[in-house]
Amino acid sequence: MKQARSIPRSWTSTLKLPKSTFPPRVSPADRTKYLKRSTDELYAWQCHERPANQPFVLHDGPPYANGELHVGHALNKILKDIICRVQLGRGKRVRYVPGWDCHGLPIELKALQGLQSQGENDSPVTPAVIRQSARKLAGKTVKEQMKGFRGFGVMADWDNHWKTMDKSFEMRQLGIFREMVDRGLIYRKFKPVYWSPSTGTALAEAELEYKEDHVSTAALVKFPLVTIPERITGDAQIRVTDLNAVIWTTTPWTLPANAAIAVSESLEYAIVRSEKHGYLLLAQSRIEYLQSMLNEHLTVVVPSILGSELAEKTTYRPLFKSSEAEPQPIIGADFVTADSGSGLVHCAPGHGMEDYEACLARGIPVFAPVNDEGKFTEKAMPHDPKRLAGKPVLGEGNAAALEYVQSCGQLLAQHRYEHKYPHDWRSKLPIIIRATEQWFADVADIRNSALRALEDVRFVPETGKHRLENFVKNRSEWCISRQRAWGVPIPALYNRATGDAVLTKDSVSHIMRTIDERGIDAWWTDSADDLAWIPPSMREDSTGYRRGTDTMDVWFDSGTSWSEIDVPVDRRSHPADVYLEGTDQHRGWFQSGLLTYIAHQLAAGKEDTPRAPFNNLITHGFTLDEAGRKMSKSIGNVIHPQTIMDGTLLPPLKPRKGKGKKPAENQELTYDALGPDALRLWAASSDYTRDVVIGKQVLQTVHTSLHKFRVTFKLLLGALADFRPENMIPYQQLQQVDRIALKQLSDMVRASQKACENFEFYKAVNTMNRWANLEFSAFYMEAIKDRLYTLGEDSISRRAAQTTLFHVYHHLQEVLGPITPLLVEETWEHTPAAIREHSEHPLRRIASTPSPEWQDLMLDAHYHEIVAVHSVIKTLQEQARAKKQLGSSLQSFVHLVLPDMLENSVFQQYLAELPDLFVVSSVTLGQPDSVPAEIGQAEWQYQEACELPDGQKGKVYVYAPTAAKCARCWRYAVPAPASSDAICDRCDSVVDELDANSPQHLHSVL
């Protein structure tokens, strides 16, 4: 060590402190620039630069063009974007064309409300006016939602987005419909369907919501028997006219449509006697229930009657028909159980799916005296039409039906019954089951092919396969017609005289040509007598034809959207590599897409090898608040994506910096606005296979994590400011700690890449966070700061650390690129020119695999041994700090007494690096029986036993330094006593080299 120089100087100027233009936060103007570069410009670049024979297609499940975006939209779109960016990093050319679902009831209702508010309710609103208003509304919403989606950093072909209301889309949809017509998969039938009185249309199963707490009025009703096998009543000497069959129903309003009573042929029935109600027939196992309901003891008269003795051999008199009406049968049915009610089921084939099937098999006609508004028609009680007509069946009509039954003396009891009941998912009001003339797609004919097609589909999570298979298995028909104006018309023609429908390949083809010429709105706006819509072969019919008014189910619209994919399928197994939507789409879009694509393949003669339209089917859960509740405006727990991006949702981290003044009380304190990357990191951090929780606590963690990545990049860029790739140090010349860092980097990168390939992004983010906080920041960066800042610029040790950091920078950009693309784009802007010249843009690179030579498994064991000792050292240092004996950790020496102190031990191998690893000024090793004397003479000292991962034990000493502090590197490495400006020998050599290379020195030499 040299004495302090005669002329005092600032040693800071001789240090290589990090320098970078990377700002602590990004400005709004720069964020806009980075957003465009990392989305629109990147998508356009890859469309031209990536090979066309390596496509990756993510097909967009179209969001509904109605309302503002919420965090559920953000979760969906960001997950899709991450998948696309991962595939871009694998060298694929990505095709992601966003779409929108634009037809349907909610938009139509909203359009009607808008027309009414404009005073249009004075006269009937025509379908043409509704369609014009709905189209305008949907178009406006698409623009607003697109702006929001683009703000999330989603990379897509926005200019060529598709909408189900586009003419080209509608024509493709009609073409698929025509294929199904030609194959005989489309037919019209009068049968019960889900009907929404509140919206006046038929609904599919996918459009229902089941409320668990719906309350109905349940009733026990008796029907007088007309005939019964003599053996049953003969022995008991009971007259048939004295005997009544007991049914239990939760829908008394369906009693006017009663056509049969069903029993189970395998159940035991009995005849009991009631003092008040006479002889009653019910299931043997339900006698106790009936006694409780009637509040009286019932005497068993005939104890055992097999249901098969009653079925098809017993008749009864209906209640709502005239006395001259024909008796109705008691039939056998598999759906009858004795779990509730009386064990006899009232059947109304016009108001029940199972009732319909059972009655259809016996030729019993369908009857449904309820209109589109859910009100009784005069046919409900032909002999007294005014009693029920015009009354809503879900309210006043239900009560009126029960009043009539009671007036006839046939009502045994009634009570309130809470149960699960279907509601219209749009209006949130109860629906009914009602027989109407509807168009159906025959699912039964293609069901087996659809199930076979799912065999080679990958499901994430795997439970999705069982869920989708069950929906397909349990579906035989798909009601595809809707009684609304805003949609694609079902191109059917109806005979004016008979009402018979005409729907053939030729008739649909003719109508499609007319639509192509005149536009789809002309179906409604053209004169009803315009013959242009009628095929020439049908114009000679004197009765004439009219155009239908039904529109297609919106699930048929979006279900056929696979036809929008323009990537050839001849070299691909499926049109799309990925479909990704919420779990509710198993019964919606996933299913409709599968069924329509299977029908398309069958029409093309591909029965032997049916394929699904998707190769990977991924589902995510719903977004919930931190209390586990669904987002709801009424609850007030809705979180808007923008509040996450601009940071206003969170409480303040700290006051904004000013001129030393405290902020005014009303000044808003917020987190930094972290932009789209914050929203994206939340989505990527979430285990989306379950319902996803979001709230202030979750977002605070996300903001902290994103801030950590930003700080990490700033640190890396600062440390690499003077680095050139040609100065890289070979792996064999790196220090052991560098090799440990590369092993940990390799593990992080490999684990992250594997997680992303498996669509498990949250695992990738967890891996990156753990690495950034523990292995990189707390371990490696702490260990190399002295090398980076104090050693000579071109020293092998410093360049080795920079080489390691260069690898870290390169790979961290790649793994974070799909998740936080704006941050990565910004790092490229501030990357030193020397590095940029030798590197490809991180968002355009094909992701690299860490070098195999970094995978030295022994380094893991070394790391864990070092960390085990380091944790004890830090504990002892904290004891010294608590007594004000220690400030910086460099203000301490360490002595280790550990087992197996041989030349090949970890600590012997790393001895020269241990001061850096432990961030102390000196580390010595010793045997258990020899403790250096200086420890006992130190101003303070602490000791504690330690245990290595293999179970061996040793002892750690931390004590006050016996040397003075170096004024340049701050290590205690200057022999005491020394002046405050003295520097250690190592620093002296570095300074001499700097002085020798200084301009002044070179000038004097010259």
Side-chain angles (χ1 to χ4, degrees), residues 216-252 254-256 258 260-265 267-311 313-321 323 327-332 336-348 398-399 401-417:
S216 296
T217 299
L220 282 162
V221 177
K222 60 180 183 177
F223 283 82
L225 294 188
V226 176
T227 62
I228 191 171
E230 186 177 348
R231 185 207 71 78
I232 296 173
T233 56
D235 294 342
Q237 297 182 345
I238 302 173
R239 291 184 304 176
V240 176
T241 53
D242 295 333
L243 184 57
N244 290 269
V246 179
I247 65 95
W248 178 77
T249 179
T250 59
T251 55
T254 63
L255 289 171
N258 172 265
I261 292 176
V263 297
S264 170
E265 295 189 3
L267 274 180
E268 294 282 341
Y269 291 84
I271 296 175
V272 299
R273 183 175 179 276
S274 163
E275 290 295 335
K276 184 177 180 181
H277 302 286
Y279 293 100
L280 305 174
L281 173 68
L282 74 161
Q284 191 181 78
S285 59
R286 304 303 297 169
I287 295 175
E288 185 176 343
Y289 163 74
L290 187 60
Q291 286 182 146
S292 67
M293 292 300 296
L294 299 181
N295 196 26
E296 68 168 302
H297 175 74
L298 300 174
T299 303
V300 178
V301 179
V302 180
S304 180
I305 307 168
L306 199 60
S308 58
E309 297 181 77
L310 297 170
K313 304 179 184 72
T314 309
T315 62
Y316 67 95
R317 180 163 53 82
L319 300 183
F320 285 80
K321 297 178 182 178
S323 56
Q328 297 179 171
I330 289 182
I331 62 176
V336 179
T337 68
D339 295 336
S340 61
S342 66
L344 292 93
V345 176
H346 128 73
C347 294
N398 195 60
L402 278 175
E403 288 174 5
Y404 173 73
V405 173
Q406 188 172 31
S407 70
C408 297
Q410 300 300 114
L411 182 64
L412 294 175
Q414 60 178 304
H415 63 97
R416 291 173 62 80
Y417 179 67

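These figures come from a predicted structure and were not determined experimentally.
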Self-check item: Atom pair OG (Ser342) and CE (Met293), whose distance is rounded to the nearest 0.5 Å
Solution: 11.5 Å
Quiz item: So how far is it from Cys347 SG to Gln328 CD, rounded to the nearest 0.5 Å?
Solution: 10.5 Å
Quiz item: When rounded to the nearest 0.5 angstrom, what is the spacing between CZ in Arg317 and CD in Gln410?
Solution: 6.5 Å
Quiz prompt | Side-chain touch Pro224/Thr241, heavy atoms, less than 4.5 angstrom | solution = no
Practice problem: Take the angle between the ring planes of Phe320 and Tyr404 and call it parallel below 30°, perpendicular above 60°, tilted in between. | Solution: tilted
Quiz item: Can you find a pair of side-chain heavy atoms, one from His277 and one from Leu294, that are under 4.5 Å apart?
Solution: yes
Practice problem: Would you confirm whether Ser216, through its side chain, and Ala218, through its main-chain N or O, come within 3.5 Å as a donor-acceptor pair? | Solution: no
Quiz item: Going by the angle between their ring planes, with limits at 30° and 60°, are Phe223 and Tyr316 parallel, tilted or perpendicular?
Solution: perpendicular
Practice problem: Not counting sequence neighbours, which residues clear ring pair (Phe, Tyr, Trp, His ring centres under 6.0 Å) with Tyr289? List them please. | Solution: none
Quiz prompt | Closest approach of Ala219 to Pro252 (non-hydrogen atoms, all atoms of both residues) | solution = CB-CG, 4.3 Å
Self-check item: Test ring pair (Phe, Tyr, Trp, His ring centres under 6.0 Å) applied to Tyr269 - qualifying residues, sequence neighbours left out
Solution: none
Self-check item: Gap between atom CG of Leu255 and atom CG of Leu402 - 0.5 Å precision
Solution: 7.0 Å
Exercise. Check whether any side-chain heavy atom of Val336 lies under 4.5 Å from a side-chain heavy atom of Leu344, and answer yes or no.
Key: no
Quiz item: Can you tell which of Ile247, Val246, Asn244 makes a side-chain contact (heavy atoms from CB on, under 4.5 Å) with Leu412?
Solution: Val246
Practice problem: Return the minimal non-hydrogen interatomic distance between Ala338 and Ser285, and the atom names on each side. | Solution: CB-OG, 3.3 Å
Contacts under 3.5 angstrom, residues 297-308 side chains, donor-acceptor by atom type, not counting sequence neighbours:
{"residue": "His297", "atom": "ND1", "partner": "Gln291", "partner atom": "OE1", "Å": "3.4"}
{"residue": "Ser304", "atom": "OG", "partner": "Glu268", "partner atom": "OE1", "Å": "2.4"}

Self-check item: Separation of Asn295 CG from Leu290 CG (nearest 0.5 Å)
Solution: 11.5 Å
Quiz item: Which heavy-atom pair separates Trp248 from Ser340 by the least distance, and what is that distance?
Solution: CZ3-OG, 3.9 Å
Quiz item: Does any pair with a residue in residues 279-306 pass salt bridge (charged side-chain N to carboxylate O under 4.0 Å, His left out), and if so which ones, sequence neighbours excluded?
Solution: none
Self-check item: Value rounded to 0.5 Å, distance of CD in Gln284 from CG in Leu267
Solution: 9.5 Å
Quiz item: Do Thr315 side-chain atoms and Thr227 backbone N/O form a donor-acceptor pair below 3.5 Å?
Solution: yes
Quiz item: Are any non-hydrogen side-chain atoms of Ile228 and Ile330 less than 4.5 angstrom apart?
Solution: no
Practice problem: Kindly indicate whether the side chain of Val263, heavy atoms from C-beta on, has any atom under 4.5 Å from the side chain of Thr314. | Solution: no
Quiz prompt | Flag side-chain contact, heavy atom, 4.5 Å: His346 against Thr254 | solution = yes
Exercise. Could you list the residues that satisfy ring pair (Phe, Tyr, Trp, His ring centres under 6.0 Å) with Tyr279, not counting sequence neighbours?
Key: none
Quiz prompt | Side-chain heavy-atom pair Leu411, Val221 within 4.5 angstrom cut-off | solution = yes
Quiz item: How would you list all residue pairs meeting salt bridge (charged side-chain N to carboxylate O under 4.0 Å, His left out) that involve residues 273-282, not counting sequence neighbours?
Solution: Arg273-Glu275
